[in-house]
Number of protein chains: 2
Amino acid sequence: MGKDKYAIGVDFGTESGRAVLVDVSDGHEVGTAVHKYANGVIDERLPGTDIRLEPDWALQDPNDYLEVFKHAIPAVIKESGIPAEDVIGIGIDFTACTMLPTKKNGTPLCFLPEWRNNPHAWIKLWKHHAAQPEANKLNQIAQEKGFDFLNRYGGKISSEWFFPKVWQILDEAPQVYAAADRFIEAADWVIWMLTGVETRNSCTAGYKGIWSKREGFPPDAFFKALDPRLEHVIDEKMSRNIKPLGDKAGTLTKEAAGWTGLRPGIAVAVANVDAHVSVPASAIVEPESMVIIMGTSNCHMVLSKDEHIVPGMCGYVEDGIIPGYIGYEAGQSCVGDHFAWFVENCVPAAYQNEAAERKMDIHALLEEKAARLKPGESGLLALDWWNGNRSVLVDVDLTGLLIGATLATKPEEIYRALIEATAYGTRIIIDTFKANGVPIKEIVATGGLPDKNHLLMQIYSDVAGMEVKVAASKQAPALGSAMFGAVAAGKAAGGYDTIYDATQVMAHQRAEKYEPIPENHAIYNRLFAEYVTLHDYFGRGGNDVMKRLKALKVEVLQKNLSEK
Amino acid sequence: MGKDKYAIGVDFGTESGRAVLVDVSDGHEVGTAVHKYANGVIDERLPGTDIRLEPDWALQDPNDYLEVFKHAIPAVIKESGIPAEDVIGIGIDFTACTMLPTKKNGTPLCFLPEWRNNPHAWIKLWKHHAAQPEANKLNQIAQEKGFDFLNRYGGKISSEWFFPKVWQILDEAPQVYAAADRFIEAADWVIWMLTGVETRNSCTAGYKGIWSKREGFPPDAFFKALDPRLEHVIDEKMSRNIKPLGDKAGTLTKEAAGWTGLRPGIAVAVANVDAHVSVPASAIVEPESMVIIMGTSNCHMVLSKDEHIVPGMCGYVEDGIIPGYIGYEAGQSCVGDHFAWFVENCVPAAYQNEAAERKMDIHALLEEKAARLKPGESGLLALDWWNGNRSVLVDVDLTGLLIGATLATKPEEIYRALIEATAYGTRIIIDTFKANGVPIKEIVATGGLPDKNHLLMQIYSDVAGMEVKVAASKQAPALGSAMFGAVAAGKAAGGYDTIYDATQVMAHQRAEKYEPIPENHAIYNRLFAEYVTLHDYFGRGGNDVMKRLKALKVEVLQKNLSEK
């Protein structure tokens, strides 16, 4: 064994898994290996069959996850050139809620020939949206019967979450429901496969499974009210034993050691979620800093000692991000997606040609042009609801708005207005947290966008009137998972006893920061006031035109279909 | 002399003059010749000098108009191959208010060496916008002192009109004001040059010069209130003798006959304005039909026996379009301009490439794609205020709005939403006329757009719930001018005694019409209701965000300038 100790973090994304080998002594990311899922996102037909899936379905193949262990971990060890026996712990993070039915021993139903051709036997990926009817019924029943857990989730359980998905299986495939001994998050399932022990983590249980440390799951009476067959779902097919983040789930089995080339018996951490594990990886383990994971959408995380009802956030969970704290999550549905839409649909040929001639990415060209504008100069203002509103208003039927266009309006002005709109959306979230007892003093950005768009970072700082720091790692989820792996190993084995200790040493922020420019902040305060007025007018019932337009659209499309 | 008689109409546009030779017996357009103005629109420096013009200035050179007579008329005679002596009359139409200062004999001040270097000695083109301060003061004073002529103009005199331009000359160049014996519309000035007689037409006097048949010009006291030096401007530098449309202004002088190759002594009609002369050219000389001249902007014309105050129209003038009727005018500032802006700034390379490959105009491609959509299908709604609102609200500080965008929104959906928005804008005008006692039962379209965009025509019909007919002539203003030339000649000379008689024979509509499709009209009624709500919210003080955004934009731009 060498002197240095290492931990491995495995980040399970939507299309691939990424293993990162991290030096426990300083957080240095020694090596990275990515393994693409052979079956990727399954949304057209079941692999190897002609069985077609309905719209809004999105499945995965659990074998793809095991292949990540079998390929990416050996690859990263080999690439790094370190002795495999110096790896002291593993942690993982996953998309969520991504869930599956299994037998008692953990075998996914879809591995069994008798269930393989039933789509409900497969993994329901986070973006499987076909359980919307069940989510609607669940919310209605919870509200009517006065179950106040809804307050913890901004008033609504999403169709992406655990129980709507379970209920959809019961509704549409009661035989699969009956055959399933366990319903489990894929995050916990891969830990089961590494350790041979079934565990359940506090993060997915809390944010996706309506569990809280103080109240546990909703009472059986609630599940009975949904469907009598669901009454005992927790005790029959799940577990009330929820482990806090930072705990050790177990140790690596011989079989899993064989897959990975690692030593049997090393520590395996309780599973985590990609966004949530990014918080300690961004060097945040205390309240008052909001970590924003910026990508196609934004995910906002903040810690607090106290429990507060904050309207319209996604949820708050004790031990949900960092043990000992209430972890609050909020989100914006459309950020990078906004700019991708704009580039695909609204950027004229002249700009594409200029970017090609100058060998620039089109986003970089738009950023360059937009950066020449001063705040307020375009006269434009947008509501960032191209993909509905997931924060504060929690309304998927809201749509995008652009105001202030003239015959002199240029593409880069619209581009900048869209960036600004997402910044106003984030500020609404920050202001809502602050107004409801959760203080926020700075932003720490991570995810794909901070490196891609410096203008965006400055605008967020100017709009929020806060310093914006940037996490050093470009693969924060995997780093965070490795940190939890080092914590699972413990100090005695060369790791750390707590995630606080690990964070001090292994997580870093960049030297570069974005400071608010006072005159920009002053102008953005005026623009933000306009944003709030429009936000409330269109989002809180002043004028429900967006919903009526969307209803009309559905009506017309249905009529089109029925005429065909 | 041959058996057939002909009239010539000359249409003076912004960049060129167009002469059309028309067969008086059936309105057949025998030939056309266009002559481009050598000096075009003068908005940077005075021709042949280094004298720079301020922003918002737009001048022209009166010699360019004379060149049209000298080149385009001989050219059209030659092209047509008809004997010049068979031309019995000439009419002209002009942009307005396009005005100039002259000496007593009609010599423009800018022809005289001592004034040639003073920009105020030149022609102020219709789109010269530098008299805005004078227009503002004029409106304020008229309102404060209770001069109710403002009611005839939707409550406001535009900076484009006659007296703000005169007042700007007095303000900024009192010596030019003093040296000017006459201030006159270019329309009337070219007639003066043809006939040797100064006349003033009822159309420009009424729509641009605050004149009415019943009340004449505002009283001297009003002009005195503006500036004591203006008190006697009407009697000193203008004329109270206003000739109705359809009158003969005089006969062709020997000199003008020399320029044009026509017979001296043939009839010359009182001058007219391009939009207004399009009404009889569209075969409309009676109430209840709205003629819309559709081009970069829309101009709406309708006749009525009675005088009504209609909020927000551009003006109403007795004998202003057709003698014997009150002619009402309204406008939309941004129609074709909208689509041009969209194509230049918002159409992605993929669409440009597809149009190039299929050898289609990009507008035609967008129309093809947009035509596949049903009303309501896009979920989009727009306010057509990219160039302010000229109708009903009369507010240049309003700006464009698009609502309902999603990540699935396509360019052709936005394109169609912009077309629909201009149709809603027209419907607001129609509804406002109808609600105020001016009935409208059908639309007759003319101008450049009806041929270019059939989808637009159908949408106008569907939105208005009215039949839309199309004027047969593609050069309606010149045809209308020729018709007035035939009327000036009179029946005895082979023409007509009235514009009614001329219209029966010389003006035509196409066989093709657009009928409203009932299910489209029903859906557009719902969308129009949403449009009206947004129109009133943003346009009538519910939320003045557009004005505040525009004010902030000006503030930022001025700060930018002062820092440079």
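In the text below, chain A, chain B and the rest are named by the order of the sequence lines, each starting its count at 1. Here the structure is a predicted model, which means the values were calculated and not measured. Side chains are part of it too, since the values below use all heavy atoms of this structure and drop only hydrogens, waters and symmetry mates.
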Which residue out of A:L557, A:L381, A:L383, A:V545 racks up the most heavy-atom pairs below 4.5 Å with chain B? A:V545

Are B:T409 and A:N345 side-chain neighbours, meaning at least one heavy-atom pair lies under 4.5 Å? no

So for atom CD, which belongs to A:E54, do other residues, nucleotides or ligands contribute more than 12 heavy atoms lying within a distance under 6.0 Å? no

Side chain / backbone / both / neither for B:F538 at chain A, heavy atoms under 4.5 Å: side chain

For the candidates B:A349, B:A405, B:A529, B:A382, which exhibits the highest count of non-hydrogen atom pairs separated by less than 4.5 Å from chain A? B:A405

Step by step, work out the side chain to side chain contact (heavy atoms under 4.5 Å, CB included) result for B:V556 and A:L373. CA-CA 10 Å; B:V556 170; A:L373 299 164; over 6 Å; no

Heavy-atom distance under 4.5 Å to chain A: side chain of B:Y537, backbone, both or neither? side chain

Flag yes if more than 12 heavy atoms outside B:K452 fall under 6.0 Å of its NZ atom; otherwise flag no. no

Evaluation steps, side chain to side chain contact (heavy atoms under 4.5 Å, CB included), between B:L380 and A:K553: CA-CA 9 Å; B:L380 294 174; A:K553 174 180 177 168; over 6 Å; no

Please report the closest heavy-atom contact between A:W341 and B:T406, naming both atoms and the distance. NE1-O, 3.5 Å

Would you mind checking which part of B:K410 comes under 4.5 Å of any heavy atom in chain A, side chain (CB onward), backbone (N, CA, C, O), both or neither? both

Would you find more than 12 non-hydrogen atoms of other residues, nucleotides or ligands less than 6.0 Å from B:E354 atom CD? yes

Top residue by heavy-atom pair count (under 4.5 Å) with chain B, among A:H338, A:R526, A:M546? A:R526

Looking only at heavy atoms and a cut-off of under 4.5 Å, which of A:L407, A:V554, A:N560, A:I403 has the most pairs with chain B? A:L407

More than 12 heavy atoms of other residues, nucleotides or ligands under 6.0 Å from CD of A:E368: is that the case? yes

Which region of A:N543, side chain (C-beta onward) or backbone (N, CA, C, O), has a non-hydrogen atom less than 4.5 Å from a non-hydrogen atom of chain B, or is it both or neither? side chain

Heavy-atom count check: over 12 atoms from other residues, nucleotides or ligands less than 6.0 Å from A:E563 CD? yes

Name the region of B:V347, side chain, backbone, both or neither, that has any atom closer than 4.5 Å to a heavy atom of chain A. backbone

If I measure from the heavy atoms of chain B, does A:Q352 come under 4.5 Å with its side chain, its backbone, both, or neither? side chain

How many angstroms lie between atom CG of A:L401 and atom CG of B:L402, to the nearest 0.5 angstrom? 7.5 Å

Where on B:L527 is there a heavy atom nearer than 4.5 Å to chain A: the side chain, the backbone, both, or neither? side chain

Flag yes if more than 12 heavy atoms outside B:K559 fall under 6.0 Å of its NZ atom; otherwise flag no. no

